[in-house]
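A short worksheet on the structure shown next.
Letters A, B, ... mirror the listed sequences (proteins, then strands); counts begin at 1.
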Amino acid sequence: MELNELQSQRAAKLERLRTNGIEPYPTRAQRTHTIATALAAFDQLADATVPIILTGRVVGARRIMGKIAFAHIDDGTATIQLWLSRAEVGDDWFQRFRDDLDTFDIVEVHGTLRRTKAGEASLFVTAMHLLTKTINPPPEKWAGLSDVEERHRQRYLDLIVNHDVREVFRARAAAITAMRHVLDTQGFLEVETPVLQPLYGGAAARPFTTYHNTLGQNLYLRIATELYLKRLIVGGFPGVYEIGKNFRNEGVDRSHNPEFTMMECYQAYGDYTTMMRLVEDLMRAMCQAVNGATSATYQGQSIDFGPAWHCLPMAQAISARAGIDIVAANDLASLQQAITAAGLHVEPKTTWGKQVDELFSAYVQPHLVQPTFITEYPVELSPLAKRIPDRPAFTERFEAFAVGMEIGNAFTELNDPFDQEQRFLDQGRDFAAGDEEAHQMDVDFLNALMYGMPPTGGLGMGIDRILMVLTDRPNIREVILFPHMRQREA
RNA sequence: GGGCCGGUAGCUCAGUGGUAGAGCACCUGACUUUUAAUCAGAGGGUCGCGGGUUCGAUCCCCGCCCGGCUCACCA
């Protein structure tokens, strides 16, 4: 290791401690309380001068004044002030605290709880042990660690220094726990399906590819769990869900990370309307778990997950926002003509469905701030969704939006194996025509459907994006502990 | 991939065609109720990397690397 000046100073202190018989990395720690439990019982413990032992990392400045010193320690549950008196803790340890310990070192401290004259609840230290000597110095005291790249690359340091970052990830865990609770109590079984797949499917995306050496087989990292979960509905489970990572070989921006966490669930004998109710239940529960209420504030706007969501067919939404009737303009040429006639500027696309999607993304989606379901998607954008019985160009599908961002996608699942085969064949033509995200033919999945899948509702929800909304973070990297970062030069 | 902005001490940032700056941190000393402790003093730099212009480049020019925002892609 090459050490800079500050690191070398700390390494020298470490050697001095060793020379004086102090092991800088002892094997075990002892404590009687966490800081949080000690503070909760402060009055009883202080009044009876009960000797206790706490542990934690020294955070903030050590304030050392000749024969007395103060510092704070943090054990992950709370912080507490240490109050050291030279007379009480002894010359050796007082001097060691001053000369050989540093901010960020981790210590075990023995003493009694006592309030200072300023009124701060403190541990009056009678003895101390070093638990871990640190080599790296802390960032600046006030501005702290604010460089976004450094925060993400050194998330451990970000978490030490920026306590609101810890809260984001506690919120994330609480939200996922709440999500599991809703799904478990509504009869869904949590399952795990393959990440390494011989065929990728269930979404429109380019995959990451990898290779199994001994089998000599190309494999893909999954882009969705959908096709495996539906096989399990064929297998007879009444409801299944999986919360796990998907991997999509696409661009990276503030709402896309190459690997992201998705919850997908499938409910036998349900349909897309039962999935709407489930989304409402899930979002209410997750918002409650994170914010203690069914509304959240995102970038200054209140987002309310309490009431039933707005619900609007895609054609109506586009008509209202862009003034284009996609039901009348039902082929690519007439749609593009209508767009031109309306004076709209939309990226030209190669198919009617993609053009509809583009129109929607440009003119409707940014306005979907409050929770909204957009329903009835074009069939060619939805190769796994069932058609609306009397309008076969559209599917029983919705996407869930909030703060202008897609956070969920659901449909009545296509269970007609012949229609499914035809959709795959159509997708195959798109792929041959250069659409790298077109869905692949999956013969085994068709085989499963030929054993019969009951009418089923399915839903996918992007956990990371939901957490962005619930924790008011405008960048997906703020809700992923270790977001993807470009590799640094050696 | 395009556009805009940025990369200077451990951290947060200023700055200039002529020996590199501040605050915090760190180091030395003083100090028995601090909590942005205070006071006195000292040290610390590949100015992202490579090339060019110049007597001289951290500064100007070109290329590259990395990051942020944004557009495109991506539901």
Separation of [X] atom [atom1] from [N] atom [atom2], in whole Å?
X: A:Asp147; N: B:G10; atom1: CG; atom2: P; answer: 14 Å
X: A:Ile68; N: B:A30; atom1: CD1; atom2: C1'; answer: 16 Å
X: A:Leu101; N: B:C27; atom1: CG; atom2: P; answer: 11 Å
X: A:Leu3; N: B:G10; atom1: CG; atom2: C1'; answer: 13 Å
X: A:Trp83; N: B:U35; atom1: CH2; atom2: P; answer: 15 Å
X: A:Met262; N: B:C74; atom1: CE; atom2: C1'; answer: 13 Å
X: A:Glu120; N: B:A36; atom1: CD; atom2: C1'; answer: 14 Å
X: A:Ile64; N: B:C27; atom1: CD1; atom2: C1'; answer: 13 Å

Touch check for [X], heavy atoms < 4.0 angstrom, all strands: base, sugar-phosphate only, or nothing?
X: A:Lys13; result: sugar-phosphate
X: A:Gly144; result: sugar-phosphate
X: A:Asn4; result: sugar-phosphate
X: A:Asn409; result: base
X: A:Glu437; result: sugar-phosphate
X: A:Ala61; result: sugar-phosphate
X: A:Asn475; result: sugar-phosphate

Problem - A:Arg151/A:Asp158 ion pair, N-O < 4.0 Å - result: yes
Handout entry: Salt bridge flag under 4.0 Å for residues A:Arg222 and A:Glu259
Key = no
Between [M] and [N] - [atom1] atom distance, rounded Å:
N: B:C5; M: B:G48; atom1: C1'; value: 16 Å
N: B:C64; M: B:G2; atom1: P; value: 9 Å
N: B:A36; M: B:C49; atom1: P; value: 38 Å
N: B:A9; M: B:G15; atom1: C1'; value: 14 Å
N: B:A14; M: B:G21; atom1: C1'; value: 7 Å
N: B:A57; M: B:U16; atom1: C1'; value: 11 Å
N: B:U46; M: B:U33; atom1: P; value: 42 Å
N: B:G6; M: B:C13; atom1: C1'; value: 13 Å

Exercise for the section: May I ask you to check whether A:His439 and A:Phe424 place their ring centers less than 6.0 Å from one another? Expected result: yes
Exercise for the section: Indicate, with yes or no, if the rings of A:Phe373 and A:Tyr272 have centres closer together than 6.0 Å. Expected result: no
Nucleotide forming a Watson-Crick or wobble pair with [N], both distances under 3.5 Å:
N: B:U12; result: B:A22
N: B:C39; result: B:G29
N: B:U53; result: none
N: B:C4; result: B:G68

Exercise for the section: Determine: side-chain N/O of A:Arg254 to OP1/OP2 of B:G68, distance under 4.0 Å, yes or no. Expected result: no
Exercise for the section: Please determine if a side-chain N or O atom of A:Lys354 lies less than 4.0 Å away from the OP1 or OP2 oxygen of B:C73. Expected result: no
Practice task
For A:His152 and for A:Met65, find the nucleotide of RNA chain B with the closest heavy atom, then tell me which residue's nucleotide is more 5'.
Solution key: A:Met65
Exercise for the section: Specify the residue among A:Gly66 and A:Leu145 whose closest nucleotide of RNA chain B lies further upstream toward the 5′ end. Expected result: A:Leu145
Problem - Distance (rounded to the nearest 0.5 Å) between A:Ile303 CD1 and A:Gln299 CD - result: 10.0 Å
Nearest to the [X] side chain among [options], which nucleotide is it?
X: A:Arg62; options: B:C27, B:G43, B:A72; value: B:C27
X: A:Ser146; options: B:U33, B:U12, B:C66; value: B:U12
X: A:Glu149; options: B:C74, B:A72, B:C66; value: B:C66

Exercise for the section: Kindly confirm or rule out a cation-pi arrangement of A:Arg387 over A:Phe394, judged by NZ or CZ under 6.0 Å from the six-membered ring centre and within 45° of its axis? Expected result: no
Exercise for the section: Verify whether one side chain among A:Arg172 and A:Thr261 offers a donor that lies under 3.5 Å from an acceptor in the other. Expected result: yes
Practice task
Verify the distance criterion only: is there a donor paired with an acceptor across the side chains of A:Gln355 and A:Gln336 at less than 3.5 Å?
Solution key: yes
Problem - Donor-acceptor pair (no angle test) under 3.5 Å: A:Gln81 side chain, B:U34 base - result: yes
Problem - A:Asp253 (side chain) and B:C73 (base): donor-acceptor pair under 3.5 Å - result: yes
